[in-house]
Amino acid sequence: MKTILVSGGAGFIGSHLTEKLLDEGNRVICMDNLVTGTEKNIQDFMDNKNYEFIKHDISQPIDLNEKVSEIYNLASPASPIDYQVIPIETLLAGSYGIKNLLDLTWKNKARILQSSTSEVYGDPLEHPQKESYWGNVNPIGLRSCYDESKRFAEAMMMAYHRVHDVDIRIVRIFNTFGPKMRPNDGRVIPTFVKQALGDKPITVFGEGDQTRSFCYVDDNVRGLMALMASNYTNPVNIGNPAEITILELAEKMVELCGSKSEIVHNPLPKDDPTRRKPDISLAKQQLGWEPKVDWVDGLKKTIDWFKENT
Ligand code: UDP
């Protein structure tokens, strides 16, 4: 049995990852300050003797009273709406937070996986995005608190690896969706599901010709665990390369929900990336990983969950 720290374990991806790690017989310590994570996401684990919840902000010093062998860091606001409301906390999670976790990893002679993001590519000039692309980020834009904190965290991971030989893994997560997303989280899929189920207008920003590539959360978690188990220390993209426009997503949502919603167009937020699609050749080659769940099937499961839980 491994003892694994999941920081951000009460969040969307963190809570799905926890479920798999517990299923495999590990002990999981969840550290979360519940700023964007929720108690509801972890209520099913609370009675599990192999699970412990610690309410703590990773940007404050971390002291655990037991050794851990693996750390998955998923502690950061990830929705543009969330991180633009708390930009300073977001920058601290990616700076002090990652430093505190790296010190803990070093002290424990553990292995750490940092969840980075496709946002390190900014509004990409290269398409699809390969890990070798350095990105096109506005350092003072509305998204910079997130993008730059994640870029800084990658740099800090590499520095600890180079200087102290800390065992690191870096995953660049592309748009991910599924059950347990907060209905009011502001991201496009929970927003559209809620609107469609309530027969409310579907708010497409701009013309809706911007693209994203949506990965179902089970595929994402499988990718994270495969990377942790591998011996690859450079960043790896994990996402579904099936690229769609936001307008296509809105139309599919109306169809799948059998909704009476009309599609309306609201202004496009500043610095909203125009296109995004992962090149996943590296994940295929290094991890033997690729997504298995088609985005439409994933949407159906997500809609069902929202119907029952929100
Ligand atoms: N979006 C939209 N309507 C909404 C919320 C989001 O059209 O109500 C668009 C947003 O402008 C972006 C895309 O959907 O182009 C994905 O947004 P999200 O916030 O989910 O994540 P991002 O990929 O931008 O970080």
Side-chain angles (χ1 to χ4, degrees), residues 11-13 36 74 76-87 90 94 115-124 127-129 135-138 141-151 171-217 220 237-254 257 259 261-278 295 298-299 302-303 306 310:
F12 160 53
I13 295 180
T36 56
L74 293 130
S76 173
S79 153
I81 299 255
D82 285 341
Y83 60 66
Q84 288 172 29
V85 172
I86 45 170
T90 304
S115 59
S116 189
T117 168
S118 52
E119 286 278 324
V120 300
Y121 303 123
D123 192 359
H127 195 80
Q129 293 81 54
N136 177 38
V137 171
N138 174 357
L142 289 173
R143 289 179 176 244
S144 64
C145 58
Y146 185 68
D147 301 8
E148 296 294 10
S149 86
K150 292 287 188 177
R151 290 170 68 95
V171 58
R172 291 186 180 151
I173 300 176
F174 283 65
N175 294 65
T176 303
F177 72 101
K180 291 191 171 183
M181 290 185 98
R182 276 179 15 249
N184 59 350
D185 127 335
R187 279 182 284 191
V188 68
I189 290 190
T191 305
F192 283 4
V193 176
K194 219 179 76 184
Q195 292 169 337
L197 290 177
D199 291 327
K200 301 266 167 36
I202 309 266
T203 53
V204 168
F205 295 163
E207 293 303 310
D209 50 7
Q210 69 272 37
T211 70
R212 294 291 186 275
S213 308
F214 294 98
C215 184
Y216 190 64
V217 65
N220 170 279
N237 290 338
I238 291 289
N240 190 327
E243 183 186 12
I244 55 166
T245 67
I246 295 304
L247 188 60
E248 271 177 87
L249 175 69
E251 287 165 351
K252 185 53 81 181
M253 197 66 81
V254 173
C257 293
S259 172
S261 295
E262 52 163 347
I263 292 174
V264 297
H265 292 270
N266 286 357
L268 187 66
K270 269 191 123 194
D271 290 336
D272 199 289
T274 317
R275 299 186 76 184
R276 187 184 289 153
K277 168 182 167 152
W295 68 274
L299 275 189
T302 307
I303 293 165
F306 271 76
T310 62

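We count ligands from 1, going down the list as the structure has it; atoms in each ligand are counted the same way.
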Under a 4.0 Å threshold between the charged nitrogen and the carboxylate oxygen, would Arg143 count as salt-bridged to Glu119? yes

With sequence neighbours left out, write down each residue that passes side-chain hydrogen bond (donor to acceptor under 3.5 Å, both in side chains) with Gln210, or none if nothing qualifies. none

For ligand 1, list every N/O pair with the protein closer than 3.5 Å, one pair per line with the distance.
residue	atom	partner	partner atom	Å
ligand 1	3 (N)	Thr203	O	2.6
ligand 1	7 (O)	Phe205	N	2.8
ligand 1	8 (O)	Thr203	O	3.3
ligand 1	8 (O)	Thr203	OG1	3.0
ligand 1	11 (O)	Asp272	OD2	2.6
ligand 1	15 (O)	Gln210	NE2	3.1
ligand 1	15 (O)	Arg212	NH2	3.3
ligand 1	15 (O)	Asp272	OD1	2.6
ligand 1	15 (O)	Asp272	OD2	3.4
ligand 1	20 (O)	Val188	N	2.8
ligand 1	23 (O)	Asn175	ND2	2.8
ligand 1	23 (O)	Arg212	NE	2.6
ligand 1	23 (O)	Arg276	NH1	2.7
ligand 1	24 (O)	Arg143	NH1	3.4
ligand 1	24 (O)	Arg143	NH2	2.8
ligand 1	24 (O)	Arg212	NH2	3.1
ligand 1	25 (O)	Arg143	NH1	3.3

In chain order, what residues pass the side-chain hydrogen bond (donor to acceptor under 3.5 Å, both in side chains) check against Asp199, with sequence neighbours excluded? Ser259

Partner set under salt bridge (charged side-chain N to carboxylate O under 4.0 Å, His left out) for Asp123, not counting sequence neighbours: none

Between Gln129 (side chain) and Lys277 (backbone), is there a donor-acceptor pair under 3.5 Å? yes

Thinking salt bridges, do Asp185 and Lys180 make one under a 4.0 Å N-O criterion? no

